[in-house]
Protein chains: 2
Amino acid sequence: MEKRKINPQEKIDQVIRAARKLFVKKGYRGVAIPEIVKESGVSVGAIYLHFGNKEKLAETVYEVTLRRFMGLFSERLSGKESIQGKLRAFSELAFEITEEDSEMMEYMLSVRKEIRSDLLLPLCSSDAFKEVQMIINDGIASGEIKSGSDLVAAVSYTGVIIRAVELRLQGVLEQPLQEISDELIKNAWAGIVAE
Amino acid sequence: MEKRKINPQEKIDQVIRAARKLFVKKGYRGVAIPEIVKESGVSVGAIYLHFGNKEKLAETVYEVTLRRFMGLFSERLSGKESIQGKLRAFSELAFEITEEDSEMMEYMLSVRKEIRSDLLLPLCSSDAFKEVQMIINDGIASGEIKSGSDLVAAVSYTGVIIRAVELRLQGVLEQPLQEISDELIKNAWAGIVAE
DNA sequence: GTCTATAGCCCGATAGAC
DNA sequence: GTCTATCGGGCTATAGAC
């Protein structure tokens with residue numbers, strides 16, 4: 001703890017942050033390694049030593065971001081018991097991240113199959129979506145959510161939330177999402193609640 | 001009509017179609033001109049003669065696709081009088097294009113600011129979205145849609161529809177959208193209808 | 001371990017034959 | 001008008017000094 005020799009992990013984090021920022025702005029192929037060098041302050045050699053190549057770097061950025069989001073989501077979920085409360089927790093987390101770490105949210109929505117890697121699907125279609133879908137399954141089972149396809153219900157609910165995030169990031173929605181959070185969550189819920 | 005000399009417009013269209021297909025698959029920067037040559041059967045020289053450069057080609061692809069979508073949308077809207085009917089027309093058009101010309105829909109959802117050009121916002125945030133918002137404004141004025149922010153209502157409705165399209169294109173939704181169209185449209189409407 | 005310098009490659013755009 | 005051959009530039013990845 002007292003040793004204070006420069007932490008290699010710190011450099012790695014700087015590279016990941018810089019890379020994500022640039023990927024969001026210009027896309028994977030639009031970002032050259034020398035740009036990441038300038039943005040992160042870490043040299044080309046160090047980047048290739050730690051990440052191997054550009055594609056591996058992108059995959060690491062993806063995994064770190066995904067892990068962080070799922071961690072935050074789990075935290076928020078704990079303690080919530082009602083279906084409605086869990087879905088509200090998901091929505092409010094999405095809104096908060098959008099306002100407080102818009103770069104992270106923008107990255108999650110913009111990751112596409114630009115990279116050859118087949119593993120890189122848009123974050124919000126993968127684990128987080130599955131988690132929401134399980135919550136909705138429970139809601140249908142308990143009768144709180146109207147019966148029908150559970151997938152359709154999940155699409156309907158998350159659609160409202162994610163679209164709001166997208167349009168906020170694009171500047172179409174000018175107020176912070178927290179200010180319209182209640183209205184949005186009410187609409188999303190109204191779409192799927194049992195009458 | 002009998003002259004039958006090769007139509008230059010035909011070649012242009014082939015290039016546009018090929019370029020859009022490849023842009024969807026690999027992103028603007030991921031596509032090299034020689035690939036477009038191979039896909040379209042039109043030579044490098046001809047492409048540069050007609051489009052000037054790669055960026056202009058991308059802009060043309062964008063404009064042509066936008067114009068086509070807005071045209072189809074206008075057609076569908078004519079004759080519809082109720083607010084609910086107009087919104088249904090929008091939704092069903094989106095679902096139909098997704099199933100019958102998935103490349104066009106995927107392009108519309110995937111166009112990002114990859115190109116330097118500032119004019120290229122995601123299609124579904126621009127004119128089509130504004131059109132839907134006007135319909136919703138009318139609905140609020142007439143009392144069919146619950147009062148509140150008109151933007152929020154538009155976000156809520158289109159969110160359900162667009163998210164369904166996205167997940168269908170990604171293969172998460174396995175049935176054709178027409179089969180779940182009614183359920184989706186009912187959910188989207190339930191989110192914003194006056195009680 | 002970390003850097004800079006550069007090799008090697010591929011792309012966009014053009015020039016000039018037909 | 002349409003083609004092919006090619007140039008210059010910028011990229012990723014590596015080699016070798018420190």
Side-chain angles (χ1 to χ4, degrees), chain A residues 3-62 111-120, chain B residues 3-62 111-120:
Chain A
K3 286 179 68 183
R4 212 70 209 101
K5 65 180 172 191
I6 35 158
N7 190 342
Q9 182 61 38
E10 207 168 294
K11 286 203 170 189
I12 292 179
D13 286 346
Q14 280 170 347
V15 173
I16 292 174
R17 255 195 306 277
R20 195 177 67 188
K21 178 175 171 182
L22 292 168
F23 287 162
V24 166
K25 203 156 62 181
K26 312 170 74 173
Y28 172 71
R29 289 184 224 247
V31 179
I33 301 291
E35 283 181 274
I36 299 176
V37 170
K38 221 194 293 179
E39 180 76 28
S40 67
V42 178
S43 73
V44 184
I47 290 176
Y48 275 92
L49 182 73
H50 287 301
F51 297 99
N53 59 34
K54 190 182 171 186
E55 194 172 326
K56 279 267 181 64
L57 167 58
E59 280 172 25
T60 306
V61 169
Y62 174 80
V111 173
R112 301 266 167 200
K113 52 195 168 183
E114 264 198 287
I115 313 177
R116 193 187 44 71
S117 163
D118 308 308
L119 293 171
L120 242 94
Chain B
K3 290 180 64 182
R4 211 73 208 101
K5 66 181 173 191
I6 35 159
N7 190 343
Q9 182 62 38
E10 206 169 294
K11 286 202 170 189
I12 292 179
D13 286 346
Q14 279 169 348
V15 172
I16 292 174
R17 255 196 305 277
R20 195 177 68 187
K21 177 175 174 181
L22 292 168
F23 288 161
V24 165
K25 203 156 61 181
K26 310 170 75 173
Y28 173 71
R29 288 184 225 247
V31 179
I33 301 290
E35 283 181 274
I36 299 176
V37 170
K38 221 192 295 178
E39 180 76 31
S40 67
V42 178
S43 73
V44 184
I47 290 176
Y48 276 91
L49 182 72
H50 286 299
F51 297 99
N53 59 34
K54 190 182 172 186
E55 194 172 326
K56 280 268 181 63
L57 167 58
E59 280 172 25
T60 305
V61 170
Y62 174 80
V111 174
R112 302 266 166 201
K113 50 193 167 183
E114 265 197 288
I115 312 175
R116 195 184 44 70
S117 163
D118 307 310
L119 293 171
L120 243 93

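Residue numbers begin at 1 in each chain, while the letters A, B, ... track the order of the sequences. The figures here come from the full heavy-atom set of this structure, side chains too, leaving out hydrogens, waters and symmetry mates.
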*A/Ile36 CD1 to C/dC3 P: how many Å, rounded?*
15 Å

*asked:* Distance check, rounded to the nearest 0.5 Å: A/Lys25 atom NZ versus A/Glu35 atom CD?
replied: 8.5 Å

*How many angstroms lie between CD1 in B/Ile47 and CD1 in B/Ile16, if you round to the nearest 0.5 Å?*
11.0 Å

*Give, for atom CZ of B/Arg29 and atom NZ of B/Lys54, the distance between the pair rounded to the nearest 0.5 Å.*
8.5 Å

_If I compare all heavy atoms of B/Tyr28 with all of B/Ala58, which pair ends up nearest, and what's the gap?_
CE1-CB, 3.6 Å

*To the nearest 0.5 Å, how far apart are NE2 in A/His50 and NZ in A/Lys11?*
7.5 Å

*For C/dG1, does either OP1 or OP2 sit under 4.0 Å from a side-chain N or O belonging to A/His50?*
no

_Heavy atoms from C-beta onward define the side chain here; which of C/dT2, D/dG1, D/dT4 lies closest to that of A/Leu49?_
C/dT2

*Is B/Lys56 close enough and on-axis enough to B/Tyr48, meaning under 6.0 Å and within 45°, for cation-pi?*
no

*Can you tell me how far C1' of C/dC11 sits from CD1 of B/Ile47, to the nearest Å?*
14 Å

*For every nucleotide of nucleotides 11-18 of chain D, 5' to 3': is a protein heavy atom under 4.0 Å from its base (B), only from its sugar-phosphate (S), or from neither (-)?*
SSBB----

